[in-house]
Each structure stands twice: as C-alpha cells, then as structure tokens.
There are 2 protein chains.
Amino acid sequence: MSESLRERTRRAVQREIGDAALALFAERGYDATTIDDIAAAVGMSQRSVFRYFATKEEIVVGKLELAVDDMLDVLRARPAGEPVWTSLRRVFDVVDHYGDQPEFAALIHRMVFDTPALSAAYLHRLQLMQDAVVAVLIVRAAEAGSPYTADDPAPRALTASAFGCLVAAQHSWLASGTTGTFAEALDRAMATLVPRV
Amino acid sequence: MSESLRERTRRAVQREIGDAALALFAERGYDATTIDDIAAAVGMSQRSVFRYFATKEEIVVGKLELAVDDMLDVLRARPAGEPVWTSLRRVFDVVDHYGDQPEFAALIHRMVFDTPALSAAYLHRLQLMQDAVVAVLIVRAAEAGSPYTADDPAPRALTASAFGCLVAAQHSWLASGTTGTFAEALDRAMATLVPRV
DNA sequence: GCCTAACCTGTCAGTCGCTGTCAAGTTTGT
DNA sequence: ACAAACTTGACAGCGACTGACAGGTTAGGC
C-alpha cells in the first residue's frame with residue numbers, strides 16, 4: 001500500500017493534463033494557449049486543472065522533473081570526505097535521463113528558454129534546489145568534523161557555480177544541436193572551473 | 001540637450017512611483033499591495049503606472065539597478081588578455097553602490113528573496129545579463145586572437161559561475177547581518193573557485 | 001453491507017495583473 | 001501660431017488564479 005489507488009489515479013490525471021498541455025504548447029505556443037484550452041482538451045473544468053498544477057508554468061517546468069528528493073538522496077549517499085565539486089557533479093547524474101529522449105528534452109528546453117515566464121520559473125526552481133543542497137552540504141561538513149563557519153560563503157558559492165554550469169551546459173548542448181550526450185556537455189562545463197583547496 | 005525635459009520628468013515620475021510603491025511594499029508586503037494602491041498613493045490612474053513600469057516586479061527589481069550597460073562598458077574596458085574571472089569580478093564593482101546604504105539594500109534583498117515572484121524575476125534578469133556578458137566575452141576572445149570554438153561551454157560556464165557567486169555573496173552578506181562591505185563578501189565568494197587554465 | 005468521513009468535481013463569482021483603444025489635454029519644434 | 005508628438009484618464013476586456021458551495025464518488029471501520 002505504498003501507493004493508494006487515489007494517488008495513482010491522481011498521478012495519471014496529472015500526466016494526462018501535462019501531455020495534452022505540452023502538445024498544445026508545442027502546436028500553438030505557450031502564451032497563446034490558455035488554461036481553458038487545456039481544460040477543454042482533457043474534458044475538465046479550468047478549476048480542476050488548477051487542482052493538479054498550482055500554476056501554468058509548473059505544467060512545463062514540472063516536466064523537467066529534476067527530482068529534488070532524488071538529488072538530495074544522491075548527495076547524502078556520497079562519501080562525506082569527497083570534494084564538494086565531485087559530489088555535485090554526481091548529483092547531476094539524476095538529470096541523465098535526458099539521454100533517453102534528446103529531441104523531447106530539447107523541445108522543452110527551447111520552450112523554457114524562449115518564454116520569459118517559463119525561464120523565470122525554471123531559474124527560481126533551481127534556486128530552491130540550491131537552498132536544499134546547501135543545507136545538506138553544511139550538515140555533511142559538520143558530521144565530517146570540518147564544519148563551515150556560519151558566514152562562510154563557500155558552500156553557497158560552490159553550489160551556485162555548479163548549478164550555473166548546469167544551465168551553461170544546457171545552453172551549449174542545445175546550441176550544438178544535441179550532439180553527444182548531455183553528460184559530456186556537463187563534464188566539459190564543470191571542467192572549466194576548479195574549487196580552491 | 002543630452003536630456004530633454006520630457007526625459008527628466010519621466011525619470012522623476014518613475015522615481016516617485018517607485019519610492020511610493022516601495023514604502024507600501026515595506027509597510028504591508030509586496031503581494032498585499034495592488035497596483036491600484038500604488039496609483040492612488042501617487043494620484044494617478046492604474047493605467048499610467050503601467051506606462052512607467054512594464055510589470056509589478058520591475059518596480060522592485062529595477063531598484064537593484066544592476067545597470068547592464070554600465071557592466072558591459074566595464075567589461076569591454078578590461079584588457080583583453082586579462083583572465084576572465086578577474087574581468088568578471090571587476091564587472092561586479094558596478095554593484096558597489098550597495099555600500100552607500102546597506103540597510104536599504106538589505107531591505108530590498110530580503111524582500112526579493114522572500115517573495116517568489118520577485119525572486120524569479122530577479123534571477124531571470126540576471127540570466128539576461130549573463131547572455132549579454134557572454135556575447136562580449138566571445139567577441140573579446142576573438143579579437144585577442146584566441147577565439148572560442150562555437151560549442152565551447154567555457155564562457156557561459158565561467159559567467160554563470162561568477163553570477164552564481166554574486167547571488168551567493170548576497171545571501172552570505174545578508175546572513176551576516178551586512179557586516180563588512182559587500183565587496184568583501186563578493187571577494188570571498190569568488191575566491192572559492194579558480195578557473196582552469 | 002452500511003455509514004461516515006475524506007476526496008474529487010463543476011459552477012459561479014470575484015480579484016488582480018496587464019493590455020488595447022479612444023478622446024482630451026499638454027508640450028515641442030518650426 | 002500651428003501641427004506633430006507625447007501624456008493622461010476612462011473604459012472595456014483577457015487570462016491567471018482563488019474561495020466557496022453543492023453534488024457525486026470512494027475508502028475504511030463497524
């Protein structure tokens with residue numbers, strides 16, 4: 001009973017709405033598609049769509065599904081003595097399902113970066129993830145016996161830089177026409193910087 | 001005639017609206033303040049407020065005034081052979097007027113980071129600045145005789161990391177209760193990473 | 001099986017950010 | 001002094017989003 005029937009049907013409906021919405025977005029554009037259009041496409045009321053997605057942006061950004069929980073689990077599983085930069089690179093392995101359907105991922109990315117509202121929502125989401133990652137890093141350092149001082153910018157700076165590289169890699173990967181794997185693009189981006197001892 | 005009277009009055013009105021709006025935001029919160037409230041406070045119609053600010057977020061984010069043009073000028077003025085990381089640090093000197101009124105800057109920053117809509121808008125703005133910076137970096141490298149290859153993620157990754165450090169420094173500076181100068185916080189944040197040769 | 005509580009749904013009405021349009025007044029350059 | 005350019009308020013409208021209510025469906029204890 002880890003997943004009740006209700007939860008499963010909820011996920012199914014959410015997925016159905018998401019798919020229908022994405023089809024409409026791809027067809028006539030994000031801004032030109034209203035929530036009413038989406039609701040009509042899946043035969044629901046506008047109100048019900050908002051019961052599955054808090055905002056219109058979430059329908060798209062949620063698709064990127066950079067599952068925060070998964071990332072934090074990965075981070076916590078890394079050896080505490082490992083260099084932060086290496087741990088962060090491993091955390092981003094969670095995103096590697098990009099490789100599964102490159103053309104689909106590219107479609108969404110293009111839509112996100114081309115639509116100001118989506119771009120802002122996406123960046124904000126990344127920022128929230130960083131907050132969670134930083135919290136874990138601080139705990140881990142303390143447990144490893146070398147805690148950060150309260151005003152040390154290091155964990156935040158390293159995390160922010162790593163996420164910056166993530167976005168840069170997405171741009172590069174898109175610009176290159178999705179040649180090669182995304183993991184390679186990420187490796188290249190993160191290799192341009194080295195954390196100081 | 002570098003500045004016509006119309007432009008000056010326009011700026012004056014814009015400033016007046018911004019000040020009144022900020023006072024209301026600080027008093028009763030950003031979300032709880034409507035554009036109508038702001039319009040009433042300055043004795044204008046709602047429509048006219050939108051003639052001075054494209055969006056509600058811009059009233060606040062515009063205050064941060066990370067003047068893009070100034071930053072690009074600074075960047076172009078740096079010697080072409082200088083390490084990118086150093087140039088980027090110099091670019092951020094433009095933000096140093098933070099030191100003028102630390103409590104005011106802290107107020108706005110807190111508001112921005114506490115309000116999801118503002119946070120998203122701010123991060124999006126930073127992203128746009130990064131695009132402009134990257135473009136300049138690419139031109140400068142080409143002129144210096146060592147152009148980047150089209151798919152090189154380096155300029156983007158370095159710029160994104162530097163801006164990540166900027167945000168991290170803002171957080172640290174706020175968390176430390178604005179002890180010390182913002183420039184110091186920035187130096188510390190950017191010192192945690194070193195670009196690879 | 002039954003009943004109650006929890007849940008999902010559509011409908012309606014309302015708020016708020018934001019935009020187009022138009023008529024009326026003001027300013028600018030000649 | 002006059003035409004072009006600019007500014008303004010008023011009005012109407014769209015679309016994202018929310019609260020409230022009523023009716024139907026489902027889940028779980030008895």
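So that the names make sense, note that chain A is the first sequence line, chain B the second, and so on, each numbered from 1.
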Checklist line | Test side chain to side chain contact (heavy atoms under 4.5 Å, CB included) applied to A:Ala189 - qualifying residues, sequence neighbours left out | finding: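 For A:Ala189, the residues satisfying side chain to side chain contact (heavy atoms under 4.5 Å, CB included) (neighbours in sequence not counted) are A:Cys165, A:Ala169, B:Pro153, B:Ala157.
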Notebook entry, point to check: Under 3.5 Å, is there a donor-acceptor pair between the side chain of A:Ser176 and the main chain of A:Trp173?
Noted result: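 Between the backbone of A:Trp173 and the side chain of A:Ser176 there is a qualifying donor-acceptor contact (under 3.5 Å).
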Check: How would you list all residue pairs meeting salt bridge (charged side-chain N to carboxylate O under 4.0 Å, His left out) that involve residues 30-59 of chain A, not counting sequence neighbours?
Finding: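 For residues 30-59 of chain A: A:Arg28-A:Asp37.
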Next item on the list: Only pairs at least two apart or in different chains count here, so list each salt bridge (charged side-chain N to carboxylate O under 4.0 Å, His left out) that has a residue in residues 144-155 of chain A.
Entry: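 Checked against salt bridge (charged side-chain N to carboxylate O under 4.0 Å, His left out) - neighbours excluded - the pairs reaching residues 144-155 of chain A are A:Asp151-B:Arg188.
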Check: What is the distance from CZ of A:Phe50 to C1' of C:dG14, rounded to the nearest Å?
Finding: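 One finds 15 Å between C1' of C:dG14 and CZ of A:Phe50, rounded.
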Check: A:Gln14 CD to C:dC7 C1': how many Å, rounded?
Finding: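 One finds 16 Å between C1' of C:dC7 and CD of A:Gln14, rounded.
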Checklist line | Under the salt bridge (Lys or Arg N to Asp or Glu O under 4.0 Å) test, residues paired with B:Asp114 that sit two or more places apart | finding: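 None.
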Item checked: Results of salt bridge (Lys or Arg N to Asp or Glu O under 4.0 Å) for A:Arg10 - residues two or more places apart only ->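 A:Arg10 satisfies salt bridge (Lys or Arg N to Asp or Glu O under 4.0 Å) with no residue once adjacent residues are dropped.
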Note to self: In terms of relative ring orientation, are A:Phe25 and A:Tyr30 parallel, tilted or perpendicular, with 30° and 60° separating the classes?
What the structure shows: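 Answer is tilted, since the angle falls between 30° and 60°.
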Notebook entry, point to check: Which part of the nucleic acid, if any, lies within contact of B:Phe53, taking any heavy atom under 4.0 Å across all strands shown: a base, the sugar-phosphate backbone alone, or nothing?
Noted result: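 Nothing, no nucleic acid heavy atom in range.
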Next item on the list: Quick one: label B:Thr33 by what it contacts on the DNA or RNA (base, sugar-phosphate, nothing), any heavy atom closer than 4.0 Å.
Entry: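 Since only primed, P, OP1 and OP2 atoms lie under 4.0 Å of B:Thr33, the category is sugar-phosphate.
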Checklist line | B/S/- contact track for nucleotides 22-30 of chain C, protein heavy atom under 4.0 Å | finding: -----BS--
Check: Do B:His124 and A:Tyr122 have ring centroids that are under 6.0 Å from one another?
Finding: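 Here the rings of B:His124 and A:Tyr122 have centres that are no less than 6.0 Å from each other.
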Note to self: Using a 4.0 Å cut-off to any heavy atom of chain A, which nucleotides of DNA chain D are the first and last in contact, reading 5' to 3'?
What the structure shows: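 Endpoints of the contacted stretch of DNA chain D: D:dG15 to D:dA27.
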Check: Under 4.5 Å between side-chain heavy atoms, hopping through other hydrophobics if needed: is there a path connecting A:Leu118 to A:Phe104?
Finding: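 Yes.
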Next item on the list: State yes or no: do B:Phe92 and B:Val194 share one hydrophobic cluster built from I, L, V, M, F, W and Y residues joined by side-chain heavy-atom distances below 4.5 Å, directly or via other members?
Entry: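 No, it is not one cluster - the side chains of B:Phe92 and B:Val194 are not joined through contacts under 4.5 Å.
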Notebook entry, point to check: So what is the end-to-end bend of the helix from C:dT4-D:dA27 to C:dT30-D:dA1, with 5 pairs used at each end and the value given to 10 degrees?
Noted result: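 It works out to 30° between the end axes.
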Which atom pairs, one a donor and one an acceptor, fall under 3.5 Å between side chains of residues 81-88 of chain A and the rest of the protein, sequence neighbours left out?
unit_1	atom_1	unit_2	atom_2	d
A:Glu82	OE1	A:Arg78	NE	3.0
A:Glu82	OE1	A:Ser87	OG	2.6
A:Glu82	OE2	A:Arg78	NH2	2.7
A:Trp85	NE1	A:Met190	O	3.1
A:Ser87	OG	A:Pro83	O	3.4
A:Ser87	OG	A:Arg140	NH1	3.0
A:Ser87	OG	A:Arg140	NH2	3.1

Note to self: Please enumerate all residues that pass ring pair (Phe, Tyr, Trp, His ring centres under 6.0 Å) together with B:Tyr52, with sequence neighbours excluded.
What the structure shows: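 B:Tyr52 satisfies ring pair (Phe, Tyr, Trp, His ring centres under 6.0 Å) with no residue once adjacent residues are dropped.
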Item checked: Residue pairs, two or more places apart or on separate chains, that pass side chain to side chain donor-acceptor pair (under 3.5 Å) and touch residues 129-138 of chain B ->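 Passing the test, one end in residues 129-138 of chain B: B:Asp131-B:Arg156.
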Next item on the list: Please work out which residues in residues 35-48 of chain A have a non-hydrogen atom less than 4.0 Å from an atom of DNA chain D and list them by number.
Entry: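 Here the set is A:Ile35, A:Gln46, A:Arg47.
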